[in-house]
Amino acid sequence: AAASQTHHAQGQAQGHVWAIDPGSLYFDPMPNNVSHLRMKGEDSHDAIAADARALGLPPPVHNLQLLVCDANMPPAGVVGILLSMVPMLAPGAWLITTFKNFCRGANNWDRQIAEATAQLLEAGFERPQLFHLFSNCPQEKTLVTQYRL
């Protein structure tokens, strides 16, 4: 997962990205506006808040403008991660996530996508759009939606 927050410094909008992944992340050099948190997204809330404090950024509660998730798990697991991040999202924040077929069969995958999308709608997201992008494998779809609350 990655979350970004926009803040203003000296009249210019700037953003910070928290790249949340238990794996390694290699940038040489690492951009100043990126913090890599080596953990799972659902475990990252306190670490994001601590990093924001250490960087002198506003608390990430209701401030994140973008949430991106590319977890390698079934949609039912992905939606749990996403819903755990909702308290950090600003009104109008965008969500981009992939739903991969780690399910048993295409029918189960489609059902889990529909259920996950319904849970996101109940949590305050609107106008979900589901795409199969050319860069996605045949068993992967991308959902784009906006948080309205």
Using atom types as modelled, flag every donor-acceptor pair under 3.5 Å from a side chain in residues 29-37 to any protein atom, sequence neighbours excluded.
from, atom 1, to, atom 2, distance (Å)
Asn33, ND2, Gly15, O, 3.3
Ser35, OG, His16, NE2, 2.8
Ser35, OG, Asp51, OD2, 2.6
His36, NE2, Asp21, O, 3.0
His36, NE2, Gly23, O, 3.1

So how far is it from [X] [atom1] to [Y] [atom2], rounded to the nearest 0.5 Å?
X      : Y      : atom1 : atom2 : answer
Arg38  : Leu25  : CZ    : CG    : 9.0 Å
Arg148 : Phe125 : CZ    : CZ    : 10.0 Å
Leu82  : Ile96  : CG    : CD1   : 11.5 Å

Spell out, yes or no, whether Leu95 and Leu121 are grouped together once hydrophobic residues are joined by side-chain heavy atoms under 4.5 Å, including indirect joins.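 No: no chain of side-chain contacts under 4.5 Å links Leu95 to Leu121.
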
If every non-hydrogen atom of [X] is compared with every non-hydrogen atom of [Y], which pair is closest and at what distance?
X      : Y      : result
Val78  : Ala71  : CG2-CB, 4.1 Å
Ala52  : Trp18  : CB-CZ2, 3.9 Å
Pro74  : Phe102 : CG-O, 3.5 Å
Phe131 : Val144 : CE1-CG2, 4.0 Å

Evaluate the criterion side chain to side chain contact (heavy atoms under 4.5 Å, CB included) for residue pair Ile20 and Ile48; output intermediate values, then yes/no. CA-CA 9 Å; Ile20 306 159; Ile48 292 172; 3.6 Å; yes

Could you walk me through whether Leu57 and Asn63 pass the side chain to side chain contact (heavy atoms under 4.5 Å, CB included) check? CA-CA 10 Å; Leu57 299 175; Asn63 273 340; over 6 Å; no

Atom pairs and distances, side-chain donor-acceptor, residues 83-92, under 3.5 Å, sequence neighbours left out:
from, atom 1, to, atom 2, distance (Å)
Ser84, OG, His45, NE2, 3.4
Ser84, OG, Ile81, O, 2.7

Within the distance-only criterion (no hydrogens, no angle test), does the side chain of Thr145 pair as donor or acceptor with the backbone N or O of Glu126 below 3.5 angstrom?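 Yes; at least one donor-acceptor contact below 3.5 Å.
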
Any side chain to side chain donor-acceptor pair (under 3.5 Å) pairs touching residues 109-118, not counting sequence neighbours? Asn108-Arg111, Arg111-Glu115

